[in-house]
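Read through the structure below, which is laid out as structure tokens, and then see the notes.
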Number of protein chains: 2
Amino acid sequence: MSDPTGEAQSLRMTNSPAQATLQDVAALAGVSAKTVSRVVNKQGEIKEATRQRVQEAIDKLGYQPNFLARSLVHRRTYTLAVAAWGIDYFGPSRTIVGIEQKAAELGYSLFLNLLSNPDNPPSHEQVLSDFVAHRVDGIVWAVPEVGDNRTWIQTERLKQLPPIIFLNMSAHPGFAMVSVNNQNGGRQATQHLIDQGRRKIGIITGPKKWWEARERYLGWKKALEEADRKPSPMLAVESNWTSAGGEQAMYQLLKQEPDIDAVFASSDQIALGAMKALSATGRRIPQDLAIVGFDNMPEAAFFAPPLTTVYQHLIDVGCTAVENLHRMIEVHREGKKSIESEATISEPELVVRASTMKY
Amino acid sequence: MSDPTGEAQSLRMTNSPAQATLQDVAALAGVSAKTVSRVVNKQGEIKEATRQRVQEAIDKLGYQPNFLARSLVHRRTYTLAVAAWGIDYFGPSRTIVGIEQKAAELGYSLFLNLLSNPDNPPSHEQVLSDFVAHRVDGIVWAVPEVGDNRTWIQTERLKQLPPIIFLNMSAHPGFAMVSVNNQNGGRQATQHLIDQGRRKIGIITGPKKWWEARERYLGWKKALEEADRKPSPMLAVESNWTSAGGEQAMYQLLKQEPDIDAVFASSDQIALGAMKALSATGRRIPQDLAIVGFDNMPEAAFFAPPLTTVYQHLIDVGCTAVENLHRMIEVHREGKKSIESEATISEPELVVRASTMKY
DNA sequence: TTGTAGGCGTTATCAA
DNA sequence: TTGATAACGCCTACAA
């Protein structure tokens, strides 16, 4: 049989109904594959009659172009890889929302790795290899800087990767990044407490292994020093980011400095835990002790009392990262191999609520 | 020049350092591409000497296999698509964590669409087309059932899609799904309040457009009816999922039923807002009014007082969904075209805390 | 143990 | 305006 549609039909006959291909459509419409391709991609001039015939064939077969094949030819996947961690936390999840929004806006798909496998955490190399193997156009590295988990970031390694942008990491000149000025956040929180007339201002930090925790701590320290106060070690207690940790740390702090009258908690969750410890020991907020958090999670406004806190524009951070990455990708495609070194800093904002009111 | 490595080198010379290919490696190692392929995939018998030579070439060129090309041949991408929404909410984000964990465990990558573009929300068809175009092996539909956003789910449409599993939707016989028994959750919450001797038990529901909200409401209603109480309309107020909504709704409820002595809030955030309204009106929890939430977010244990709430095993839900989907994919590949119709129900658990203590 | 030929589904190039 | 041919990078089947 010389029926040109024979092949197409036999394909459609198989069990798992294989997607129709350009060839199938072409055969059914009685044109060449290239013509179908042109119709699909609206490129070149095509006679209206032909176009319609092709379109009908497409509809009839339920043809869906194969991105894999297209990407192979184009050497471009229009896909961004996102390495993240802790999306069940407020901060990280908001960042990803920002990333996703801007990515969608610019026409990118998202390839996600949450590095959250508890048993067998993948190494950075594994994750990166995976990204490269999938030929993503760019990478957003949204894993918090903890311990030495960024020592792999070196010019030599980066040269072998697609454009990559880092979120919230310490200054690495020459690498693209978008970071929140955590230090400024800590400083604003502390300065506010000073302005409110507080005399003894403690801090509950996040894990010191975290860059963000160290920065917020530094902000506290510098604000005190600039006001000629002593950031005594007795005024600082390290915690994890949780409410449970915050509660415990608050007890510790009260033991070390019973007459403390203000606390900068390095996260809203810590603040919530601390507030519980405070009310358990009969202290009133803000009369006896003022407290500031960090993050401005939606619940913070409904704590008892409503929590003064530091607001990070995390969605913006995600958006900006993708915008910059997009630019890097374009430049990269032009063939300039220079690593873009743009570093964007996002300034957080203090949100004042009842937990730090003057009394 | 007959140097077999010539081509490879010239490739490495280009501006954007194109990834080396099997050919490049083969040329450098002086073998055929197929041999390199075997080394990479550890298949067949290879002389150790050859293997080593190839491996060296691989290392020297920094060769990374191209998944696109491989997927094209295999007609399989080892990628799962996830359509989700609201990952900056506690519930959805936990679900995704579960999805990601199990996917990683089973060797799948994740292709994510959050449907979160506020300006230009993509249609279901767009999202699905995108998934199909990328030839994902399976789809996890984790978008909450709101309004009529699931009317597209029909056997005919599904036949054209890869295996797909739905999360948290109303019973659709014949379709694969994993749902939390929200009705049972609402029932447990209400029953607990009854058991605690509460006489007038109200409810603040989520948006009635949401399936989950309706189910929780139904649980409340049935529990009351089974106890021969009347679920008066005056006892129910609709809200959104937020604390702000909960606060407002609580005021409304107090206006409608001033002597109410218990409330089932359909989310922890709602509960938090309600608690604020209660303390603002001088009511004590649990003495004057008991309250139950839904979700068991980590902060709930630190509310003042700690919140009794309904715990959904959302990470498990995500895991189970991927497990089932994986099985569906395997079956699908065997050629059986039958749509797997497994429906898994996850039972939530009541977590009792101080907000519902007897007084 | 290794290599050759052909194809996966698409697009670019050049020709008709 | 359309089509044939040759990639894209890899793998399967079959040979050698």
Side-chain angles (χ1 to χ4, degrees), chain A residues 4 7-8 10-12 14 16 18-54 57-58 61-78 132-135 137, chain B residues 4 7-8 11-12 14 16 18-55 57-58 61-78 132-135 137:
Chain A
E7 189 193 345
S10 81
L11 258 171
R12 305 288 301 167
T14 61
S16 2
Q19 287 291 338
T21 71
L22 270 188
Q23 296 293 347
D24 301 335
V25 177
L28 182 59
V31 297
S32 78
K34 181 62 206 174
T35 301
V36 179
S37 171
R38 279 190 264 254
V39 170
V40 172
N41 300 303
K42 305 193 204 317
Q43 59 185 202
E45 305 288 297
I46 297 167
K47 210 196 289 174
E48 180 55 21
T50 314
R51 206 194 60 71
Q52 283 200 4
R53 203 147 31 88
V54 170
I58 288 176
L61 294 179
Y63 168 74
Q64 293 273 171
N66 185 327
F67 254 73
L68 299 173
R70 184 180 291 177
S71 296
L72 196 57
V73 176
H74 279 162
R75 303 158 143 280
R76 174 157 202 193
T77 56
Y78 292 94
V132 172
H134 282 86
R135 299 296 190 272
D137 292 345
Chain B
E7 190 194 343
L11 258 172
R12 306 291 299 168
T14 60
S16 6
Q19 287 291 338
T21 71
L22 270 188
Q23 294 294 348
D24 301 336
V25 177
L28 182 58
V31 297
S32 78
K34 181 59 214 176
T35 301
V36 179
S37 171
R38 279 193 262 256
V39 171
V40 171
N41 300 303
K42 306 194 205 319
Q43 59 185 201
E45 305 288 296
I46 297 166
K47 211 196 290 176
E48 179 55 21
T50 314
R51 207 195 57 72
Q52 283 202 4
R53 202 145 35 87
V54 170
Q55 189 58 54
I58 288 176
L61 294 179
Y63 169 72
Q64 294 273 170
N66 185 327
F67 254 73
L68 299 174
R70 185 179 291 176
S71 298
L72 196 56
V73 175
H74 281 165
R75 303 157 144 282
R76 175 159 199 188
T77 55
Y78 292 94
V132 172
H134 282 86
R135 298 297 189 271
D137 293 344

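Just so it is clear: chains get the letters A, B, ... in the order the sequence lines come, proteins before strands, and each one is counted from 1.
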Rounded to the nearest angstrom, tell me the gap between atom [atom1] in [X] and atom [atom2] in [N].
X: A:Glu48; N: D:dT2; atom1: CD; atom2: P; value: 10 Å
X: A:Arg53; N: D:dT1; atom1: CZ; atom2: P; value: 15 Å
X: B:Asp24; N: D:dC8; atom1: CG; atom2: P; value: 10 Å
X: A:Arg75; N: D:dA7; atom1: CZ; atom2: P; value: 13 Å
X: A:Glu45; N: D:dG3; atom1: CD; atom2: C1'; value: 17 Å
X: A:Leu72; N: D:dA6; atom1: CG; atom2: C1'; value: 14 Å

Residue pair A:Thr50 / A:Arg38, side-chain heavy-atom distance below 4.5 Å: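 Counting from C-beta outward, A:Thr50 and A:Arg38 never come under 4.5 Å.
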Side chains of B:Gln19 and A:Val132 in contact at under 4.5 Å (non-hydrogen atoms):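 Counting from C-beta outward, B:Gln19 and A:Val132 do come under 4.5 Å.
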Touch class at under 4.0 angstrom, heavy-atom based, for B:Ser71 against every strand present: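 It contacts nothing in the nucleic acid.
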Per-nucleotide protein contact string for nucleotides 10-16 of chain C, where B marks a base within reach and S marks sugar-phosphate only (heavy atoms under 4.0 Å, - for neither): BBB----
Greater than 12 external heavy atoms within 6.0 Å of A:Gln43's CD: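 Count over threshold, so yes.
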Presence of B:Thr35 side-chain N/O under 4.0 Å of C:dG3 phosphate oxygens OP1/OP2: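 It does, given that an N or O in the side chain of B:Thr35 lies less than 4.0 Å from OP1 or OP2 of C:dG3.
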Any donor-acceptor N/O pair, B:Ser71 side chain to B:Phe67 backbone, under 3.5 Å: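 Yes, the answer is positive, given that a donor and an acceptor are paired below the 3.5 Å cut-off.
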Of the listed nucleotides C:dG3, D:dG9, D:dT2, the one nearest the side chain of B:Val31: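 So the nucleotide nearest the side chain must be C:dG3.
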Intermediate values then yes/no, side-chain contact (heavy atoms from CB on, under 4.5 Å), A:Ile58 and A:Val54: CA-CA 6 Å; A:Ile58 288 176; A:Val54 170; 3.9 Å; yes
Spacing of A:Asn66 atom CG and B:Arg135 atom CZ [to the nearest 0.5 Å]: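 So the CG of A:Asn66 and the CZ of B:Arg135 are separated by 4.0 Å.
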Approximate separation, where rounding is to 0.5 Å, of B:Thr35 OG1 and B:Arg53 CZ: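 With rounding to 0.5 Å, OG1 (B:Thr35) is 9.0 Å from CZ (B:Arg53).
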B:Val39/B:Gln55 under side-chain contact (heavy atoms from CB on, under 4.5 Å): CA gap, chis, key distance, verdict: CA-CA 8 Å; B:Val39 171; B:Gln55 189 58 54; 4.2 Å; yes
Taking every non-hydrogen atom, the tightest pair across B:Asn41 and B:Arg70: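 Closest approach of B:Asn41 to B:Arg70: OD1-NH2, 3.2 Å.
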Five-pair end axes of the helix from C:dT1-D:dA16 to C:dA16-D:dT1 and the angle they enclose, rounded to 10°: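 Nearest ten degrees gives 40° for this helix.
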